[in-house]
Amino acid sequence: MDFEEYRPLLLGLAYRLLGSMWDAEDVVQEAWLRWEGTDKAEIREPRAFLITVVSRLALDQLRSARVKREAYTGPWLPEPVSTSEVGPLDTAELRDTVSYATLHLMERLSPPERAVFVLREAFELPYDEIAGIVGSSVANARQMYHRASTRLTGGRERFRPSDEEHARLLLKFMDAASGGDLAALTDLLHEDVVAWNDGGGKVRAALRPILGRAKVVAFLTGLMSRYEFHGMRLVEANGGPALLTDIGDNKQLIFLDIRDGRIQEMYGVLNPEKLTHVQPA
């Protein structure tokens, strides 16, 4: 068996667990080294073996990453990636678990909960295998999956609008923002919208989430009066459409999470180190 056959799947798994393609690539490379150093005659199921190795390596990395993320300047948002880099998206579950909103929500889970959720939801592993990977009982793995599912789906639609609906709202947002149309912009936002910005200390950005329609509109108005928004274009990232724009001298990638036809969450990634895996169309 050629390790490269499984690399896209393993990268997709590690990325879902870590929210960072840089870290996912490191984990998959380490898994390859372990694969090369293992007697293949002892491996009955290569796919199961590699999923186990990658999951355990990612779990170890996730535990240490949580400490670093707590010391991060401003909100830590996942690293966006072009859809072509996240491995197979053959099912709604594979697509949903790589969506930007879901990745952001998964930051609220403990590392074992996140691993159980991803392995069960996206990769459909049986609970006995999952329990062996995370070092728990089968009953506890079931409980972790239930807790994670409840936390991730509470108050939001299970699967989001179609890409066409999503792209249409992004284009409306783009038109309203670039034209300075505050009435149109306000109408696009959910009453309890939240805006998240990740500059990572590299680029100036809001250091706390901005809560509520009035504050988000005021924040956007301030940005539009201070900086020129130009070069706006739709790109494909994390399994769906996103908006890549130049704001002043910096690039920003904007994701929207939609509820009831309006923008519920806005994610603005400005940290240039996190934009290297997104390519303009």
Side-chain angles (χ1 to χ4, degrees), residues 74-83 96 99-105 155-157 159-200 202-272 274-275 278-281:
W76 187 94
L77 293 178
E79 177 195 353
V81 294
S82 294
T83 298
D96 185 65
S99 78
Y100 203 79
T102 301
L103 284 173
H104 181 244
L105 280 172
R156 61 189 278 265
E157 299 167 22
F159 298 110
R160 271 166 297 287
S162 69
D163 283 356
E164 291 76 17
E165 293 172 290
H166 210 136
R168 196 157 51 240
L169 198 61
L170 270 166
L171 289 170
K172 284 183 180 179
F173 175 82
M174 181 172 71
D175 289 343
S178 60
D181 189 340
L182 295 183
L185 198 57
T186 302
D187 190 53
L188 291 174
L189 302 178
H190 209 281
E191 187 178 346
D192 55 356
V193 62
V194 182
W196 305 80
N197 294 270
D198 180 343
K202 309 280 191 299
V203 175
R204 189 171 181 179
L207 296 177
R208 292 182 178 83
I210 300 155
L211 311 175
R213 183 190 287 156
K215 289 184 178 178
V216 170
V217 169
F219 172 72
L220 292 172
T221 303
L223 280 182
M224 289 185 291
S225 66
R226 194 175 305 149
Y227 302 103
E228 181 187 358
F229 283 72
H230 56 100
M232 289 188 179
R233 59 271 196 202
L234 285 177
V235 297
E236 181 78 13
N238 289 79
L243 185 63
L244 186 63
T245 181
D246 299 310
I247 173 170
D249 296 327
N250 303 300
K251 291 193 183 306
Q252 177 177 211
L253 188 67
I254 299 169
F255 289 94
L256 304 180
D257 192 30
I258 299 166
R259 192 178 86 195
D260 305 327
R262 282 189 163 87
I263 299 167
Q264 172 69 47
E265 307 251 350
M266 293 176 55
Y267 309 99
V269 183
L270 296 101
N271 184 343
K274 291 189 175 181
L275 294 176
V278 176
Q279 301 300 324

Within a strict 4.5 Å, meaning less than it, do heavy atoms of the Glu265 and Ile258 side chains meet? no
Would you check if Leu211 and Val193 make a side-chain contact, meaning some heavy-atom pair closer than 4.5 Å? no
Shortest non-hydrogen contact from Leu182 toward Thr221: CD2-OG1, 3.3 Å
Sole candidate of Asp198, Asn197, Leu103 that passes side-chain contact (heavy atoms from CB on, under 4.5 Å) when paired with Leu77: Asp198
Taking the side chain as C-beta and beyond, is there a heavy-atom pair between Leu253 and Leu243 under 4.5 Å? no
Find out whether Asn238 and Ser99 are in side-chain contact, i.e. whether some heavy atom of one side chain is under 4.5 Å from a heavy atom of the other. no
Checking side-chain contact (heavy atoms from CB on, under 4.5 Å) for the pair Gln252/Leu275: CA distance, chi angles, key distance, verdict? CA-CA 8 Å; Gln252 177 177 211; Leu275 294 176; over 6 Å; no
Say whether, by atom type as modelled, one donor and one acceptor occur between the side chain of Tyr100 and the main chain of Pro78 under 3.5 angstrom. yes
Over all heavy atoms of both residues, which pair between Ala184 and Ala176 is shortest? Give the atoms and the distance, please. CB-CB, 4.0 Å
Tell me whether Arg233 is salt-bridged to Asp246, with the criterion being a basic N under 4.0 Å from an acidic carboxylate O. yes
Would you mind reporting whether Leu234 and Leu171 have side-chain heavy atoms less than 4.5 Å apart? yes
Taken to the nearest 0.5 Å, the spacing of Arg204 CZ from Ile247 CD1 works out to 11.0 Å
Partner of Leu185 by side-chain contact (heavy atoms from CB on, under 4.5 Å), out of Ile263, Asp175, Leu220, Val216: Leu220
Kindly state whether the ring of Tyr267 and the ring of Phe255 have centres lying under 6.0 angstrom apart. no
Strictly distance-based, threshold 3.5 Å: is any side-chain N or O of His166 a donor or acceptor partner for the main-chain N or O of Leu256? yes
Distance-only, no hydrogens or angles: does the Ser82 side chain make a donor-acceptor pair with backbone N or O of Ala237 under 3.5 Å? no
Considering all heavy atoms, the nearest Pro209-Val194 contact: CB-CG1, 3.9 Å
Would a 4.5 Å heavy-atom cut-off, applied to side chains only, mark Met232 and Leu244 as touching? no
Contact check, side chains of Val203 and Asn271, non-hydrogen atoms, under 4.5 Å: no
Please examine the side chains of Lys274 and Trp76, heavy atoms only from C-beta on, and report whether any two atoms are closer than 4.5 Å. yes
Of Arg262, Arg213, Arg259, which meets side chain to side chain donor-acceptor pair (under 3.5 Å) against His190? Arg259
